[in-house]
2 protein chains.
Amino acid sequence: MQALTSGEGPWDAEPDAPAPVGRATIDDVAREAGVSTATVSRALRQHPYVAESTRQRVMTAVERLKYVANSNAARLASGQSRTVGFIAPMLTSWYTSELMVGVEEVLTHERFDLLIGTANSASRERIFRGDARFQQHIDGVILVDVFCGDDGARRLAALDTPIVVLGEQLQRITSVSVDNERGARLAAKHLIQLGHKRIALVAGHNDLDVAKNVPTERAKGFRDTLQAAGLRLPAAYVQDGDFTIPGGHRAMRALLGLPKPPTAVFFMSDEMAFGALEAVREAGLRVGHDVSIVGFDDHPVAGPIGLTTVRQPVREMGRLGARLMLDTLDGFGTVRHHPMELTLIERISSGRPA
Amino acid sequence: MQALTSGEGPWDAEPDAPAPVGRATIDDVAREAGVSTATVSRALRQHPYVAESTRQRVMTAVERLKYVANSNAARLASGQSRTVGFIAPMLTSWYTSELMVGVEEVLTHERFDLLIGTANSASRERIFRGDARFQQHIDGVILVDVFCGDDGARRLAALDTPIVVLGEQLQRITSVSVDNERGARLAAKHLIQLGHKRIALVAGHNDLDVAKNVPTERAKGFRDTLQAAGLRLPAAYVQDGDFTIPGGHRAMRALLGLPKPPTAVFFMSDEMAFGALEAVREAGLRVGHDVSIVGFDDHPVAGPIGLTTVRQPVREMGRLGARLMLDTLDGFGTVRHHPMELTLIERISSGRPA
DNA sequence: CACAGGGATGCAAGCGCTTACATCGGGAGA
DNA sequence: TCTCCCGATGTAAGCGCTTGCATCCCTGTG
C-alpha cells in the first residue's frame, strides 16, 4: 500500500491525460489505421491471417485512440459469453471465498466474467434447466462441493456445458481436489500418536451416506485410522457442525456435555474448530491441554491462534480450476483429476492428553 | 443445506423438464404472444404504455418458452452496461470481502454485474483515465478505502461517473461510513476504564498525515481520549500493522520488545489483532491478563476467540452502498453521508492490567 | 509466362435487443 | 357527429462487434 503524503499521491496529480474518454469504436480505429473493421477485429484477436505490418498499424491506432472493445457487442456478435458460473453452497465460508478469489484471479486476467450463484438444493438443478442467469449466458460452470452421488456425476457429465469440479472427484468430470481420506488420516494419526484414546469427529453434515463426497471421504479416513489403532468411535462422538462457526460451537458443547467427553476432536473445517474454541473456554477448559483440536483448511487465522490443521492450498485450487476451465473452453484439456497436496500443520491446539 | 440421502436428492431426479434449452429470442416470444418485439421489450421492462392484458399474454409466452433475455444484446442496444465497479486495496481482507459480498448481494438481485478491481496507487488513477475495463463499460464505481485527501475528493466529485464511497466520508460524494473517531474513543475509553496506563496503538499505516481517512480518524479519536485521560502516547507506542495478520504480528512483537511494553493495545482491525495473539503467545504472555487487546470490525472469528472489538456492520454497509449506487443510477438519491452504528463488544481479550 | 494456391483483406449480413417515431383506435369535448 | 388527444402498439433503424464469403495479389510451379 502506497504511502500518501499530504498534498501528493495519485489523487492529487494533474489531470494530464488527453482523455477523450473511451468513445472510440472499432470503426474509428479502422479509419485511423486505414483498414477495414474486419481487419481490426482480426488483428486484435490474434487471427493468423493478418500481416505483421498491418497489426502494428492497428495497434498504433488503438493506442492513439485509447480504444477499448465493447465486450457486449463482441459477445453478442460472437455468441460467446466469456462468462463462467461459479456455484457453491455457502458463499460466505472462508473456503468458498478463497476458491472464488483464486478463480476470479485467473478469469479476470483472461477477461472472463464470473457469475456467482448459490447452490442450495433447488438451484442446483436449476442451473441446467430453466435458471434465468445460467441458462444461456454461460460458457462453463465451476462447481464447488457438489456432494452428489455417482448418479449425479453421470448426469453432470452428460450435459454439454463444460464443467470443472472443485474439492471432490467425480467420474468423467474434470476436477481439482485433495485426497480427503488421507487428510483425515493425517489428523487422526497425529492425535493417536499424541496418545489420545477418546477422539471425536465433527463433520460438516451428519448424512455421510451419499456415495462419495468430501465429508464422507474424510469420515472414512478418520474412522479407518481409528479402527486400525484399535480405537472406537461411538455414535455420540460424531457430531454435525454444519461447516460453520456456530455449528462448531454447538458440536463442541455437545461433545463436552457427554458423560465421557473426548480428549481430542477433529473438525472437518477450521471455522468449525474456531467455534469450538469458545465452547472449550466456556467449559473452563484449555485447548491443547484438556482437549486437543485439529482443523482442516489452514484458514489464515489458524496460524495466529495456533490451531493444528490439515492445510489445503485453496487459493491455488481455485486458480487451477479456472485454468482448466479455460483450457476446456479453448478445446484443449481432457477430463482429468488434479490432486493437490495436503499437509498437517502442527500447532499448539493439539497436545498430549491430560 | 439439504441432506442428500443415497440415491436421492436433486441430482438424481429424473430429467423431467421439457428444456428446449433457452434458445428462445424475443422474436419467438413476440410471435407466441401475437405482438411485436417492441411490445415484448416494453412489457418486460415495466414500460407504462402496455395494456395489462397484453402484458399478461407476453408473460405467459415468456413462461412457456422459458425465455431469458440476452443481456449482451440488451446492454449493447441500450448503451447501459448494468455493471458497477468495485475498487479496493487488498481484496483479501475480511473487511473488503465482506463489503463485496454485501454489494454483490443487492447488485445481483437487480441483475447488475460487479467488476472487481484492486486499487493500488497506480490503478486508482487508471480507473478514470485509460483503464481498459473501467473506461467505458461501467455505470458507476464503488470505492473502498480511498484514503485520499480533500483534493482527491474534489477530483472524484468532478468526474461524471457516479461514485459511492464505502468506509469513509468525503466532501460532495455519497458515502456509507462509520464514525471512526468515535469507534477509537470507545476502544480507548474501555481500556482506560479497565485501569490501563500504558496503551499502544497499531494503525493500518503509519502515514497518518493525509487530510482525512480511516486510520487518521481512528488515530485522532484514540489520541484525544488518551490525552483527555492524562495519558501519554509515546511514538514507540504507535506501530504500523499494515491491516494484515502478519503485520499485526510484527507490530505486537515490536511493542512487546520495548523496554516498557504496553499493557494494552488497540488494533485498527481484528485481523491485525489476530496476528498479535501469536506474538503474545510467543512471548509467553496471556491475552486479557498480561496484555489486553482490542480490535476493530468484529470479524466472525473475533467472537469464538474472545476478542474485544468495535463492531461495525460491514455487510450491511456493502448492501446500503450498493443500494445507494442503484438509486443514483436511477436518477434518484442525492449526495449524502450515511452513518452506520458502531458498538463496543467486550470479550475476554481485555481485562484489568496485571 | 500463364496459372494454381493461398495469404491478406474487404464486404456485408447478422447477433438479439432497445427505442424514436409513426400509426391506429376509441373516448371526450365541441 | 366530428375533431382532438392520448394511450397502446408496430416499424425499423441501429448498438459495435464477428465472421463467412468474395476478392485481390503475390509466389511458386510446370
Side-chain angles (χ1 to χ4, degrees), chain A residues 21-59 61-62 65-83 111 113 132-133 135-139 329, chain B residues 20-59 61-62 65-83 111 113 132-133 135-139:
Chain A
V21 196
R23 290 276 122 252
T25 74
I26 199 174
D27 294 296
D28 298 328
V29 176
R31 207 171 306 121
E32 176 87 10
V35 296
S36 71
T37 67
T39 299
V40 173
S41 176
R42 293 194 189 101
L44 257 28
R45 314 205 283 81
Q46 318 301 332
H47 185 105
Y49 290 171
V50 176
E52 187 50 35
S53 60
T54 309
R55 194 189 306 281
Q56 288 303 337
R57 220 147 13 103
V58 170
M59 288 316 189
V62 165
L65 270 47
K66 294 199 179 308
Y67 169 73
V68 181
N70 179 323
S71 58
N72 292 125
R75 289 171 184 182
L76 175 57
S78 70
Q80 296 235 272
S81 63
R82 270 192 109 67
T83 298
R111 323 209 75 224
D113 277 359
R133 301 164 65 210
Q135 195 172 39
Q136 42 183 208
H137 310 309
I138 264 200
D139 294 331
L329 295 179
Chain B
V21 195
R23 290 276 120 250
T25 73
I26 199 174
D27 294 296
D28 298 328
V29 176
R31 207 171 306 122
E32 176 86 12
V35 295
S36 71
T37 67
T39 300
V40 174
S41 176
R42 293 194 190 99
L44 257 28
R45 315 203 285 82
Q46 318 300 332
H47 185 107
Y49 291 170
V50 176
E52 188 50 36
S53 59
T54 308
R55 193 189 308 281
Q56 288 301 339
R57 218 147 14 100
V58 170
M59 288 316 191
V62 165
L65 271 46
K66 294 200 180 307
Y67 168 74
V68 182
N70 178 323
S71 59
N72 292 125
R75 290 171 185 184
L76 175 58
S78 69
Q80 296 234 277
S81 64
R82 272 192 109 69
T83 298
R111 322 208 76 223
D113 278 357
R133 300 165 64 209
Q135 195 172 39
Q136 44 183 206
H137 310 308
I138 262 200
D139 293 333

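Each chain gets a letter, A, B and so on, in the order its sequence line appears, and its residues count up from 1. Note that this is a predicted model, so its numbers are computed, not measured.
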**Study point:** pair A:R82-A:D113: side-chain heavy atoms closer than 4.5 Å
**Key:** no
Exercise for review: Nearest 0.5 Å please: distance from the OH atom of B:Y67 over to the CG atom of B:D27.
Suggested key: 8.5 Å
Study note, to complete from the structure: Considering only heavy side-chain atoms of A:I26, the closest of C:dT9, D:dT18, C:dC17 is D:dT18
Practice item. Would you please name every residue forming a salt bridge (Lys or Arg N to Asp or Glu O under 4.0 Å) with A:R55, sequence neighbours left out? Key: A:E52
Exercise for review: Indicate yes or no: does B:D139 engage B:R75 in a salt bridge with an N to O separation below 4.0 Å.
Suggested key: no
**Study point:** Closest non-hydrogen atom pair between B:A61 and B:E32, with its separation
**Key:** CB-CG, 3.4 Å
Exercise for review: May I have the distance from A:N72 (atom CG) to D:dT18 (atom C1'), rounded to whole angstrom?
Suggested key: 14 Å
**Study point:** A:N72 CG to B:S78 OG distance, which is reported to the nearest 0.5 Å
**Key:** 8.0 Å
Practice item. Enter the distance from A:S71:OG to B:L76:CG here, rounded to the nearest 0.5 Å. Key: 10.0 Å
Study note, to complete from the structure: When rounded to whole Å, the CG to P distance for the pair B:L65 and C:dG16 reads 14 Å
Review point. Can you check the A:Q56 CD to C:dA8 P distance for me, whole Å?
Key: 14 Å
Practice item. Could you tell me the separation between the NE2 atom of A:H47 and the C1' atom of C:dA8, rounded to a whole number of Å? Key: 9 Å
Exercise for review: Please list, by residue number, the residues of residues 31-42 of chain B whose heavy atoms come closer than 4.0 Å to an atom of DNA chain C; answer none if no residue qualifies.
Suggested key: B:A38, B:S41, B:R42
Exercise for review: Would you tell me if any nitrogen or oxygen in the side chain of A:T54 comes within less than 4.0 Å of OP1 or OP2 on C:dT9?
Suggested key: yes
Exercise for review: Could you check A:T25 against B:S53 and say which one's nearest nucleotide on DNA chain D is further toward the 5' end?
Suggested key: B:S53
Point to revise | Euclidean distance, atom CD of residue A:Q80 to atom P of C:dG16 [Å, nearest integer] | key: 14 Å
Point to revise | N/O (side chain, A:Y49) to phosphate O (OP1/OP2, D:dT19) under 4.0 Å | key: no
Revision key, fill the gap. Side chain to side chain contact (heavy atoms under 4.5 Å, CB included) test vs B:R31 passes for just one of B:V29, B:D28, B:V35, namely B:D28
Review point. If an axis is fit to five pairs at each end of the helix from C:dC1-D:dG30 to C:dA30-D:dT1, what is the angle between the two, to the nearest 10°?
Key: 40°
**Study point:** Length of the CG-C1' vector between B:N70 and D:dG16, whole Å
**Key:** 14 Å
Review point. Do any side-chain nitrogens or oxygens of B:R75 fall under 4.0 Å of OP1 or OP2 in C:dT18?
Key: no
**Study point:** Gap separating the CD1 atom of A:I26 from the CG atom of A:L44, nearest 0.5 angstrom
**Key:** 6.5 Å
Review point. Separation of A:L44 atom CG from D:dT19 atom C1', in whole Å?
Key: 15 Å
Point to revise | Rounded distance in Å - CG (B:L76) to P (D:dA13) | key: 17 Å
Point to revise | Toward the 5' end of DNA chain D, by each residue's nearest nucleotide, B:A51 or B:S78 | key: B:A51
